[in-house]
Amino acid sequence: MLRAQKATTHLKVCARAADLLAGSAPTHDHVVVDEAQDLHPAQWRVLRGAVAAGGDDLFITGDPHQRIYDSKVSLGSLDIPVTGRTHRLRINYRSTEEILIWSTGILNPVSVDDLGGEGSDTLAGYRSLLHGRRPHVHGYGSEQAEVAALVERVEGWIAQGIRPSEIGVCARFNMLLDKAYDKLAAAGIPVVRVRDNPGPDQDGVRLATIHAMKGLEFRCVAVLGVTAGAVPFAREVTPASVDALQHDADLLRERCLLFVACTRAREALAVTWSGSASSFVPRPDRLADEAI
């Protein structure tokens, strides 16, 4: 179908670029890679082909706990040796220790593969230099009540001197974001959608899906709709009866997605739901043990 339409895909373009680079001299002396955990093997082959192997050829940074796409790779198999050449960064300069401890609880029950794809990574020893309030975590009897509470919370943040553009609101689905948009706007609060690419000088509370929160940060973040039906979202999880390994990988990706959304907050975090809470929401008793 792609050939008939004279079309292609991004990964096919990457594969073709890697082939061209493999047949020519390297085009770069050094390559710096950020957000490495989300790169596909085809994209890694482009980077490997762009620079000759040697000292300081590739500088790679990434966090496997923020892997929200199914792109696990073995860098060694792609001719990118990392064994004995890695350094783990353990100080978080964005979020407070309180937000960090709570968010880490989302991932603590599972093991996360490292960036090299040959071992596991851990958040043990991961800490923040900042301190603040504990995250507000609460369930509501209805979605309407949850959104009404969001409006009050945002009004409270603004009353504390926080600019609307320093506040982020996210949810799994656009339908819930639309309701939040309408209620915030009706309350006279400026609001914009991240998908509309608001400029840095455009004021307004930022609304985004949890996927779109990646790479962003705000002083205050509200994560809405963290229900059992949304996180994990059944349509994004392979049934264990079909493929047990993929099932586990899909559940881990869903955990990472919630972790990424929560760690966008620097000073204040609110996580809410209506009905049944996601099983990923850390239990208070478990958090108490980990804090000790």
Side-chain angles (χ1 to χ4, degrees), residues 10 34-35 38 63 66 68-69 92-96 99-100 102-103 106 130 132-133 135-140 142-227 229-231 233 236 254 256-274 278 281:
H10 174 71
D34 193 16
E35 301 288 359
D38 287 325
D63 182 356
Q66 297 190 42
I68 64 172
Y69 301 106
N92 184 306
Y93 292 93
R94 176 195 294 127
S95 304
T96 64
I99 291 174
L100 187 60
W102 190 89
S103 301
I106 298 170
L130 309 172
R133 292 166 289 178
H136 175 87
V137 183
H138 191 71
Y140 296 87
S142 68
E143 197 174 76
Q144 182 178 6
E146 181 184 7
V147 173
L150 167 72
V151 173
E152 292 184 12
R153 186 166 299 108
V154 170
E155 288 176 332
W157 283 335
I158 293 174
Q160 295 170 24
I162 296 170
R163 292 189 293 112
S165 60
E166 296 176 316
I167 299 172
V169 176
C170 66
R172 183 65 184 261
F173 306 118
N174 278 304
M175 185 176 295
L176 180 53
L177 286 177
D178 290 340
K179 295 177 182 178
Y181 185 105
D182 291 342
K183 292 298 183 182
L184 288 167
I189 299 171
V191 59
V192 294
R193 298 294 288 265
V194 168
R195 67 187 181 193
D196 296 330
N197 297 315
D201 297 328
Q202 183 176 350
D203 203 17
V205 174
R206 268 47 175 174
L207 265 64
T209 63
I210 51 179
H211 281 89
M213 289 290 279
K214 185 170 179 61
L216 304 178
E217 64 176 62
F218 302 92
R219 289 182 64 184
C220 304
V221 169
V223 186
L224 301 178
V226 187
T227 66
V231 189
F233 185 36
E236 295 294 327
E254 292 285 294
C256 289
L257 191 59
L258 181 58
F259 175 77
V260 167
C262 293
T263 53
R264 301 307 91 195
R266 299 205 306 265
E267 302 171 23
L269 170 66
V271 178
T272 62
W273 61 88
S274 59
S278 166
V281 174

**OP:** Decide yes or no on side chain to side chain contact (heavy atoms under 4.5 Å, CB included) for V221 and V271, but give the supporting numbers first.
**Re:** CA-CA 9 Å; V221 169; V271 178; over 6 Å; no

Original post:
For the atom pair CD (E155) and CG (L184), what is the distance rounded to the nearest 0.5 Å?
Top reply: 8.5 Å

Original post:
Under the side-chain hydrogen bond (donor to acceptor under 3.5 Å, both in side chains) test, which residues partner Q144, sequence neighbours left out?
Top reply: none

Original post:
Under the 3.5 angstrom rule, does the side chain of S278 hit a backbone N or O of V231 as a donor-acceptor pair?
Top reply: yes

Subject >> Residues K214 and E35 bridged, charged N to O under 4.0 Å >> reply: yes

Subject >> Any donor-acceptor N/O pair, E146 side chain to G225 backbone, under 3.5 Å >> reply: yes

Subject >> Heavy-atom closest contact (L257 atom, R172 atom, distance) >> reply: CD2-CZ, 3.9 Å

**OP:** Evaluate the side-chain proximity of T272 to V226: yes if any heavy-atom separation is below 4.5 Å, no if none is.
**Re:** no

**OP:** Compare all side-chain heavy atoms of V194 with those of L207 and state whether any distance is below 4.5 angstrom.
**Re:** no

**OP:** Report yes if the side chains of S165 and Q202 come closer than 4.5 Å at any heavy-atom pair, otherwise no.
**Re:** no

**OP:** Start with the C-alpha gap between I210 and L258, add the side-chain angles, then the distance that decides, and say whether side chain to side chain contact (heavy atoms under 4.5 Å, CB included) holds.
**Re:** CA-CA 7 Å; I210 51 179; L258 181 58; 5.9 Å; no

Original post:
Given the rule in the side chain to side chain contact (heavy atoms under 4.5 Å, CB included) test, do W157 and V205 qualify, once you have shown the distances and angles that lead to the verdict?
Top reply: CA-CA 11 Å; W157 283 335; V205 174; over 6 Å; no

**OP:** Walk me through it: do F173 and T209 pass the test side chain to side chain contact (heavy atoms under 4.5 Å, CB included)?
**Re:** CA-CA 6 Å; F173 306 118; T209 63; over 6 Å; no

Subject >> Heavy-atom pair with the smallest gap, counting every atom of E254 and A230 >> reply: OE1-O, 4.1 Å

Subject >> Contact summary for C262 and I106, nearest pair of heavy atoms >> reply: SG-CD1, 4.1 Å

**OP:** Would you confirm whether S103, through its side chain, and L100, through its main-chain N or O, come within 3.5 Å as a donor-acceptor pair?
**Re:** no

Original post:
Has the side chain of R264 got a donor or acceptor atom that lies under 3.5 Å from a matching backbone atom of L216?
Top reply: yes

Original post:
Rounded to the nearest 0.5 Å, what separation is found between the CZ atom of R153 and the CD1 atom of I158?
Top reply: 13.0 Å

Original post:
To the nearest 0.5 Å, what is the distance between CD (E217) and OG (S95)?
Top reply: 8.0 Å

Subject >> Aromatic plane relationship, H138 with H136 - under 30° parallel, 30 to 60° tilted, over 60° perpendicular >> reply: tilted

Original post:
Is the backbone of R94 close enough, under 3.5 Å, to the side chain of N92 for a donor and an acceptor to pair up by distance?
Top reply: yes

**OP:** Return yes if some donor-acceptor pair links the side-chain N/O of E166 with the main-chain N/O of R163 below 3.5 Å, else return no.
**Re:** yes

Subject >> Which atom of A208 lies closest to which atom of A212, heavy atoms considered >> reply: CB-CB, 4.0 Å

Original post:
Do R193 and N174 have side-chain heavy atoms sitting under 4.5 Å apart?
Top reply: yes

Subject >> Spacing of CD belonging to E143 relative to CE belonging to M175, to within rounding of 0.5 Å >> reply: 9.0 Å

Original post:
Can you tell me how far the OG1 atom of T227 sits from the CH2 atom of W273, to the nearest 0.5 Å?
Top reply: 10.5 Å

**OP:** Work out which heavy atom in P190 is nearest to a heavy atom in P164; give both atom names and the distance.
**Re:** CG-CG, 3.9 Å

Original post:
Once you round to the nearest 0.5 Å, how far does SG of C220 lie from CD1 of I162?
Top reply: 3.0 Å

Original post:
Side chains of V154 and V191: does their closest heavy-atom pair fall under 4.5 Å?
Top reply: no

**OP:** For the pair D178 and K183, find out whether any cationic side-chain nitrogen is under 4.0 Å from an anionic carboxylate oxygen.
**Re:** no

Original post:
Which atom pair, heavy atoms only, marks the closest approach of I99 to A268?
Top reply: CD1-N, 3.8 Å

Subject >> Min side-chain heavy-atom separation F218-M213 under 4.5 Å >> reply: yes

Original post:
Sub-3.5 Å donor-acceptor pair from the side chain of R219 to the main-chain atoms of R266, do we have one?
Top reply: no

